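Quick caveat: nothing in here was measured; it's all calculated off a predicted structure.
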Amino acid sequence: MSLLVVGISASFIPPNTLSLFPTKNNPKIPGRRNSILRSNTYNLDCYNSDRQLTSETMEQKALSPEINRTLYSDIEPYNSGFLKVSEIHTIYYEQSGNPDGHPVVFLHGGPGGGTSPGNRKFFDPVFYRIILFDQRGAGKSTPHACLEENTTWDLVADIEKLRDHLKISEWLVFGGSWGSTLSLAYSESHPDKVTGMVLRGIFMLRKKEIDWFYEGGAAAIFPDAWEPFRDLIPESERGCFVDAYHKRLNSNDKETQYAAARAWTKWEMMTAHLLPNEVTAKRGDDDEFCLAFARIENHYFVNKGFLPKETYLLDNIEKIRHINTVIVQGRYDVCCPMMSAWDLHKSWPEADFRVVKDAGHSANEPGISSELVSATEKLKFIIQENRS
């Protein structure tokens, strides 16, 4: 059943929902009548299924329709194409949803992971103009797995070139894992082009984050998945696995590249979920996917994300503090452990910080996807309020 409330279609679903509309304890605050979404315009609490229903929460539920937290149905792009962004690189992009809707750009992970049709499902296709693109060397972009002219700042420039190409003045930015890194880098470079952000599985390319996942920390939790990753490298080279894999991923021998790419990718795919996920794990069997994923990831990690210093993204939060942002973090994320999301939260307390208590890293885990959809719904409501 659905109900139309102030122009928003809100689906009524079981308690795993988010209350968006003003209540006695969450009054409506007059918003700026422009497209910049200000932090703390609405102080929203996730509905906690463990919380007892008091008279106050019952009143809130009666006054506040509960918005959708369920992934939207599959849709097909209404437009797709290729954009030449340098003498070397051409990127694939697609658009789906409402051609006249509020633009949102999806920044995929990896780097090197590419996009997939399921990425469209986080957004209301009636409200949003959904833009997906494959970053340099990833997915359908060409040349495949190319590392030349492939840096964070090249990607930031590509996002701007795509925005200009699509004649978009400003847009919502959505990114998880490496996509959260790129979202922060882009938004800090072009804050006037960003109307809001949804960030998931925070990763800021600091040494402690890389060391945790690639130098043995996460192995304490997944020793069975770690051993094949470790054993590809001779003991004499295990002082730095990132460097050892860099040597093999850039070997002149193609099979050496593929073997290293498979081992690198399978390690990440095996640790991406709280519970084992066979579909994700099988991505490590696709040599072409693995080659781009492993080569590009490793290239960025060896080069420390091409950031001026490892605290760069945190040091520049002031540039984006005003932007309404939702941060979603799985409590048991092994790939991008919560320490990074926590550091971001401490530097940026104005952002809406949500910890999913029963989730790992993947955006496709039920608790994570639920929070991501509710985040895009929250921002949808605020955009509509600012237009009224």
Side-chain angles (χ1 to χ4, degrees), residues 70-72 74 106-122 132 134-135 137-140 145 174-182 198-203 209-210 212-214 217-230 232 245 249 258-298 300-301 328-338 340-341 356-373:
T70 304
L71 290 169
Y72 284 92
D74 291 317
F106 179 96
L107 304 183
H108 67 68
T115 57
S116 65
N119 300 150
R120 307 167 194 146
K121 298 169 70 173
F122 296 109
L132 274 58
D134 291 332
Q135 296 158 28
K140 298 177 184 178
F174 181 111
S177 193
W178 157 255
S180 74
T181 320
L182 185 56
V198 178
L199 307 175
R200 187 266 311 167
I202 302 304
F203 179 50
E209 298 171 55
I210 300 296
W212 159 259
F213 193 66
Y214 291 104
I221 300 173
F222 286 96
D224 48 343
W226 171 257
E227 286 188 1
F229 175 85
R230 179 198 65 192
L232 186 79
Y245 269 90
L249 290 168
Y258 279 126
R262 285 191 293 268
W264 178 283
T265 304
K266 286 180 180 180
W267 163 237
E268 184 161 338
M269 297 300 115
M270 292 291 289
T271 56
H273 291 256
L274 180 63
L275 301 176
N277 184 286
E278 291 185 9
V279 174
T280 300
K282 285 181 179 178
R283 299 196 78 185
D285 296 326
D286 180 342
D287 280 352
E288 291 308 303
F289 169 78
C290 290
L291 191 65
F293 185 77
R295 273 173 56 84
I296 298 172
E297 270 200 345
N298 178 273
Y300 275 71
F301 299 166
V328 177
Q329 179 68 36
R331 167 69 72 178
Y332 301 108
D333 187 335
V334 172
C335 301
C336 299
M338 190 176 146
S340 298
V356 182
K357 63 183 180 182
D358 55 354
H361 181 67
S362 174
N364 297 319
E365 296 201 55
I368 299 285
S369 65
S370 174
E371 291 299 338
L372 292 175
V373 173

TODO: Could you check I368 against V328 for side-chain contact (heavy atoms from CB on, under 4.5 Å), going step by step and ending with a plain yes or no?
DONE: CA-CA 7 Å; I368 299 285; V328 177; 4.2 Å; yes

Open item on the list: Ignoring hydrogens, what is the shortest heavy-atom contact between Q135 and W178? Give both atom names and the distance.
Closed with: OE1-NE1, 2.9 Å

Task: L182 side, atom CG; L107 side, atom CG - distance, nearest 0.5 Å - done: 5.0 Å

Open item on the list: Ignoring hydrogens, what is the shortest heavy-atom contact between M269 and F293? Give both atom names and the distance.
Closed with: CE-CZ, 3.7 Å

TODO: Mind listing the closest non-hydrogen atom pair of C335 and A272 along with its distance?
DONE: SG-CA, 3.9 Å

Task: Nearest-0.5 Å distance that lies between atom SG in C336 and atom CZ in F213 - done: 8.0 Å

- [ ] First locate atom CZ of F203, then atom OG of S180, and finally report the distance between them rounded to the nearest 0.5 Å.
- [x] 8.5 Å

Task: Sequence-distant partners of E288, side-chain hydrogen bond (donor to acceptor under 3.5 Å, both in side chains), two or more places apart - done: Y258

TODO: Please name all residues satisfying side-chain hydrogen bond (donor to acceptor under 3.5 Å, both in side chains) with N364, sequence neighbours left out, ordered by chain then number.
DONE: none

- [ ] Measure across P228 and A225 and return the closest heavy-atom pair with its distance rounded to 0.1 Å.
- [x] CD-O, 3.3 Å

- [ ] Kindly determine whether D358 and R331 satisfy salt bridge (Lys or Arg N to Asp or Glu O under 4.0 Å), including the steps that lead there.
- [x] CA-CA 7 Å; D358 55 354; R331 167 69 72 178; over 6 Å; no

Open item on the list: For the OG atom of S362 and the CG atom of L275, what is their distance to the nearest 0.5 Å?
Closed with: 11.5 Å

Task: Qualifying residues under salt bridge (charged side-chain N to carboxylate O under 4.0 Å, His left out), relative to D285, sequence neighbours excluded - done: K266

Task: Non-neighbouring partners of R283 that pass salt bridge (charged side-chain N to carboxylate O under 4.0 Å, His left out), sequence neighbours left out - done: none

Task: Any donor-acceptor pair under 3.5 Å from W212 side chain to V334 backbone - done: yes

Task: Nearest atoms (heavy-atom pairs only) where Q329 meets I202 - done: OE1-N, 3.1 Å

Task: T265 side chain to G284 backbone, donor-acceptor under 3.5 Å - done: no

Task: Straight-line distance of Y245 OH to F301 CZ, nearest 0.5 Å - done: 14.0 Å

Open item on the list: Heavy-atom count check: over 12 atoms from other residues, nucleotides or ligands less than 6.0 Å from R230 CZ?
Closed with: yes

Open item on the list: Taking side-chain hydrogen bond (donor to acceptor under 3.5 Å, both in side chains) as the definition, give me every residue that meets it alongside E268, ordered by chain and number, with sequence neighbours left out.
Closed with: Y214

Open item on the list: Between H108 and T115 (side chain of the first, backbone of the second, donor and acceptor by atom type, cut-off under 3.5 Å), is there such a pair?
Closed with: no

- [ ] Apply side-chain hydrogen bond (donor to acceptor under 3.5 Å, both in side chains) to Y300 and list each qualifying residue two or more places apart in sequence or on a separate chain.
- [x] N150

Open item on the list: When you measure from the side chain of D333 to the backbone of G201, do you find a donor-acceptor pair of N or O atoms at a distance under 3.5 Å?
Closed with: no

- [ ] Working to the nearest 0.5 Å, report the span between NZ of K121 and OG1 of T70.
- [x] 11.0 Å

Task: Parallel, tilted or perpendicular: ring planes of F229 versus W226, cut at 30 and 60 degrees - done: tilted

Open item on the list: Using a 3.5 Å distance criterion without hydrogens, assess whether the side chain of H361 forms a donor-acceptor pair with backbone atoms of T271.
Closed with: no

Open item on the list: I'd like to check W264 versus L232 (side-chain heavy atoms, cut-off strictly below 4.5 Å). Are they in contact?
Closed with: no

Task: Side-chain donor or acceptor of E365 paired with backbone N/O of L274 under 3.5 Å - done: yes

Task: Closest approach of A261 to C290 (non-hydrogen atoms, all atoms of both residues) - done: CB-O, 3.5 Å

